[in-house]
J.: 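Following this message is one structure expressed as structure tokens.
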Amino acid sequence: MAAKEHSPPRIAIIGNPNVGKSTLFNYLTGLNQKIGNYPGVTVDKKTGTLQIEGEQFEILDLPGTYSLFPNSEDEIIAHRVLNNPELEKRPDYVLMVIDSTQLSRGLFLATQLIDLGVNLTILLNMADLATAKNIEIRSYELFKQLGVPILQTDARNQKGLEQIKELIHQRNFAKAPQFVDILKVVPPSILDLVKEKFELENHYQAYQMIRFGAKDKSISEEKRSWLAQVLEENKFNLEEVQLEETKIRYKKITDLVTKALTKKSAPKAKSSLDKVVLHPFFGYLVFIGVLLLIFQTLFSWASYPMDWIDGFFADVSGGILATFPDGPLTRLLAEGVVPGIGGVVIFIPQIALLFGFLAILEDTGYMSRVVFLLDRWMRPFGLHGKSIVPLVSGVACAIPGVMAARNISNWKEKMITILVTPLMSCSARLPVYIILIGLSVPNEQVFGFINLQALALLSLYVLGVLGVLGTAFLLKVILKTDEKSFLMTELPSYRIPRWKDVGITMFEKSKTFVFEAGKVILAISIVLWVLASYGPPTTMEEIRRQGTAQQEQALSPEQVALIEAETNSLLLENSFIGIMGRAIEPAIQPLGYDWKIGIALITSFAAREVFISTIATIYSIGGDLKDDLTIREKLAAQVNANTGEKTFTPATSYSLLVFYVFAMQCMSTLAVVKRETKGWKWPIIQTVYMSALAYLMAFITFQIFS
Amino acid sequence: MTADQLILNQSGRIVEITSSPLKINLMELGFLPGKQLTLQHKAPSGGPLAFQLEETLLALRKNEAALIRIELIS
């Protein structure tokens, strides 16, 4: 570790998955948490601060891992933090959390840390579970054998937590003597070379560098190729060496555990809950029940707070317009900025609720059971059992879904999940579907009981799912990765969820979304607003002047409203977006659209439901937009200027419907994909492929029906 | 035989893990020669298998379980 302590001192928490690391982190830092980035990977960096008697400490929560072998991005992060060649970047102290009922497995990672030479303390967590399972650990014996401080805790029931603070405050950590002599496995010649080149402290650090060097892109190209060359020359076989190390390490751990642990219980019987939950038939019924509950929550319960938020921001906009003198700045504020912020905040209920559910499912141990049941059905499409959560959430909203994809550790499976989730028909598509179906599908029964409109709606959802599966399958063939896909997961014991942790998760996820994706959403919505509100000044001025003149001559309030609606329509048609709409007309004509629809396609890139309000403006439909019938009647009467036929023929409507099934048309999804993949590459690829797919499918649809 | 060939509630003792890129992952999870495992649950249609290994219930895909060579405990 670094020779001199940082100020404030840095403490990293590490441990296997499901050992109560997050509970401990939440306990120590409360809401003083910050989520940041590690360069080059999609794993989040979670840090927080802790105050003890006026002294400040910085806590870093490392991703859960079983070993320091380079299996996934998570482990690369653990390696990069703990074994950084720049010594001053390493943490000063490390807290290793072990599940007391899984002592050997925990010690596997702990002894690797010891060999790395970190300043370590071990927490034997979940003491309650161990007692329940009749496991007794003599921690003093462990301390004697390992040489690092050991503390027994029960983070869930708040036992031993005060002592952890005490221990941090007193810097009660120790560097222990080597547990496994790596020189018995790897020839010293190579280790000495690497140790010198990277200026490392001991042979295990050098060995660790060999292990990760090629995969860690934070290491310079020169050093990586040097490393590759040394290994090549020495005919170094990493796999063999790791296996040898594992054998020796586990052998020593087994001896140690025999001395330090007594178990009085008989072999564990099958959990009676699992008999139902993992049942080949009833298990799926339970799962469908849980899905329906989540679905119900996201779809209908979330709509109440969403309506409040919507109403609140509309009031604020109205208030600004009424209070301040009319002018570009007031309009920017009331029509650009405030609705833009509202468009970010509106997603909080769905995000918070989905992550609340996920935290509960994860915490109770149910989520891994879902993965167990679903994995078989997702794999043919290059997806993982864990992909089911993002996909299901996508039916309500793709945004929390994309955010939930981070639980998938395999890079390829995670990317496929993120890329296809927005193809599920989300709730924002519903208003578009309903208007267009109402316009083009007769409200009749077939076979006496099936409503044609309902059938059409169902087909659109099915089409979305087919899009997901087809695209996922293609991506499975296209995307390349060295990372191997594996399931190998623990099905942890059932537990009562910790409500405080659930609350913190909901808060943190909402905060991350607002501050990270929110910036992009706000920026795009302001740009779109400017494009839709401004145009060539002389034209716009002329339209406004004529509108005012006509209004002055109007005879009744109804006429004033009519003139105003027509003026607004003209303004939009001549704005920059209007000009863009005309410009893309040749491109969208084969899909059966005119330039007016083109304008709506551009504005609804902000969010799909904007299609309705734009169409209403363009066709100067005043009055209440909630009244579907007015919009529908007006639209049905529209005539295409080019062909002289009706604008919304069935073929055009079907084509539009299909377009909205596949098109990206959601800047918030774009922003959240950028945030989750840490760059613009994937959101751009995604927008391009979805738009191309939408174009192609809409084209085919129009050609078939026209 | 290999672990994926067990029938429900049958137990076996691990003889060795077949060489494969996944071998190290299996070992770090605790699938080590000499340990005893019991097949507890099977997902339908060739889906994952859940094994009780000492105190833990662990889920493996079929091809992952096939890497674990065992001898049957009757």
Side-chain angles (χ1 to χ4, degrees), chain A residues 16 65-69 71 99-105 108-109 129-130 133 135 239-240 242-243 245-247 249-251 254 263 265 267-271 274-275 277-281 283-284 365 368-369 371-377 379 385 482 484-493, chain B residues 2-4 6-70 73-74:
Chain A
N16 297 162
T65 157
Y66 289 111
S67 67
L68 293 178
F69 299 138
N71 289 326
D99 172 355
S100 299
T101 66
Q102 306 290 343
L103 188 59
S104 320
R105 211 170 62 194
F108 191 79
L109 177 59
L129 267 189
K133 288 184 174 175
I135 296 171
E239 217 164 282
E240 233 166 63
Q242 284 186 159
L243 285 173
E245 182 206 342
T246 307
K247 265 186 225 159
R249 194 173 292 281
Y250 254 125
K251 171 97 185 42
T254 310
K263 191 167 71 179
S265 64
K268 207 182 143 209
K270 216 188 259 190
S271 145
D274 270 340
K275 279 183 197 158
V277 170
L278 296 181
H279 190 274
F281 176 71
Y284 290 94
S368 349
R369 268 91 181 164
V371 174
F372 177 83
L373 288 175
L374 271 290
D375 187 67
R376 156 77 183 83
W377 309 106
R379 279 189 71 197
D482 302 335
K484 50 216 179 267
S485 163
F486 56 86
L487 179 71
M488 272 191 233
T489 181
E490 187 181 347
L491 304 176
S493 315
Chain B
T2 52
D4 61 315
L6 285 172
I7 54 171
L8 274 182
N9 299 318
Q10 243 182 357
S11 301
R13 181 166 286 110
I14 301 175
V15 179
E16 75 162 335
I17 314 288
T18 312
S19 272
S20 134
L22 292 174
K23 179 170 182 177
I24 200 89
N25 303 54
L26 284 166
M27 289 178 79
E28 69 180 30
L29 268 179
F31 288 100
L32 297 163
K35 292 218 177 169
Q36 187 183 327
L37 49 73
T38 308
L39 180 64
Q40 296 272 36
H41 304 276
K42 278 173 103 158
S45 183
L49 310 168
F51 295 95
Q52 188 73 42
L53 180 80
E54 298 189 325
E55 296 299 324
T56 357
L57 190 58
L58 292 156
L60 298 181
R61 284 180 183 157
K62 248 186 134 151
N63 64 320
E64 293 162 2
L67 298 173
I68 304 174
R69 287 220 303 117
I70 54 164
I73 302 175
S74 40

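Every chain is numbered from 1, with letters handed out A, B, ... down the list of sequences. Keep in mind it's a predicted model, so treat the numbers as computed, not measured.
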J.: Tell me, out of Leu22(B), Ile17(B), Asn25(B), who's got the most heavy-atom pairs with chain A below 4.5 Å.
T.: Asn25(B)
J.: With side-chain contact (heavy atoms from CB on, under 4.5 Å) as the test, would you mind laying out the steps for Leu29(B) and Arg105(A) before giving the verdict?
T.: CA-CA 7 Å; Leu29(B) 268 179; Arg105(A) 211 170 62 194; 4.0 Å; yes
J.: Could you pull out the closest heavy-atom pair between Ser485(A) and Glu64(B), with the gap in Å?
T.: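 So the two residues come closest at O-OE2, 4.4 Å.
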J.: Could you look at Phe281(A) and say if it's the side chain, the backbone, both or neither that has a heavy atom under 4.5 Å from chain B?
T.: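 Contact with chain B is absent: no heavy atom of Phe281(A) under 4.5 Å.
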J.: With only heavy atoms counted, which part of Glu490(A) is less than 4.5 Å from chain B, the side chain, the backbone, both or neither?
T.: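 Both parts, heavy atoms under 4.5 Å.
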J.: Hey, is the main chain of Ala43(B) close enough, under 3.5 Å, to the side chain of Arg376(A) for a donor-acceptor pair?
T.: no
J.: Counting heavy-atom pairs under 4.5 Å to chain B, which of Asn16(A), Asp274(A), Thr101(A) comes out on top?
T.: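 The residue among Asn16(A), Asp274(A), Thr101(A) with the greatest pair count is Asp274(A).
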J.: Tell me the closest heavy-atom pair linking Met27(B) and Tyr250(A), and the distance in Å.
T.: O-CE1, 3.1 Å
J.: Would you mind checking which part of Phe486(A) comes under 4.5 Å of any heavy atom in chain B, side chain (CB onward), backbone (N, CA, C, O), both or neither?
T.: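 Answer is both: backbone and side chain atoms of Phe486(A) are under 4.5 Å from chain B.
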J.: With chain A as the partner, which of Asn9(B), Thr56(B), Leu60(B) has the greatest number of non-hydrogen pairs under 4.5 Å?
T.: Thr56(B)
J.: For Gln242(A), is it the side chain, the backbone, both or neither that has a heavy atom under 4.5 Å from a heavy atom of chain B?
T.: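 The answer is both parts of Gln242(A).
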J.: Pick one of side chain, backbone, both or neither for Arg369(A), based on which atoms fall under 4.5 Å of a heavy atom in chain B.
T.: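 For Arg369(A), the contact with chain B is made by the side chain alone.
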J.: Looking at Lys263(A) and Glu55(B), is there a salt bridge between them, counting it only when a charged N and a carboxylate O are closer than 4.0 Å?
T.: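 Judged by the 4.0 Å cut-off on N to carboxylate O distance, Glu55(B) and Lys263(A) do form a salt bridge.
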J.: Is it the backbone or the side chain of Leu32(B) that comes under 4.5 Å from a heavy atom of chain A, or both, or neither?
T.: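 Contact with chain A: side chain only.
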J.: So which heavy atom on Lys42(B) is nearest to which on Pro280(A), and how close?
T.: O-CG, 4.2 Å
J.: In terms of heavy-atom pairs under 4.5 Å, which option from Gly30(B), Ala65(B), Pro21(B) contacts chain A the most?
T.: Pro21(B)
J.: Could you tell me which of Tyr66(A), Phe108(A), Tyr284(A) has the largest number of non-hydrogen atom pairs under 4.5 Å with chain B?
T.: Tyr66(A)
J.: Sort Ser20(B) into side chain, backbone, both or neither according to what part of it lies under 4.5 angstrom from a heavy atom of chain A.
T.: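 Just its backbone gets close to chain A.
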J.: Above 12 or not: heavy atoms from other molecules or residues under 6.0 Å from CD of Glu240(A)?
T.: no
J.: Walk me through it: do Glu28(B) and Thr246(A) pass the test side-chain contact (heavy atoms from CB on, under 4.5 Å)?
T.: CA-CA 8 Å; Glu28(B) 69 180 30; Thr246(A) 307; 5.8 Å; no
J.: Just verifying a value: how many Å separate Glu239(A) CD and Ile24(B) CD1, rounded to the nearest 0.5 Å?
T.: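 Here the interatomic distance stands at 8.0 Å.
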J.: In Å, rounded to the nearest 0.5 Å, how long is the span from CD of Gln52(B) to CG of Leu491(A)?
T.: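 These two atoms lie 9.5 Å from each other.
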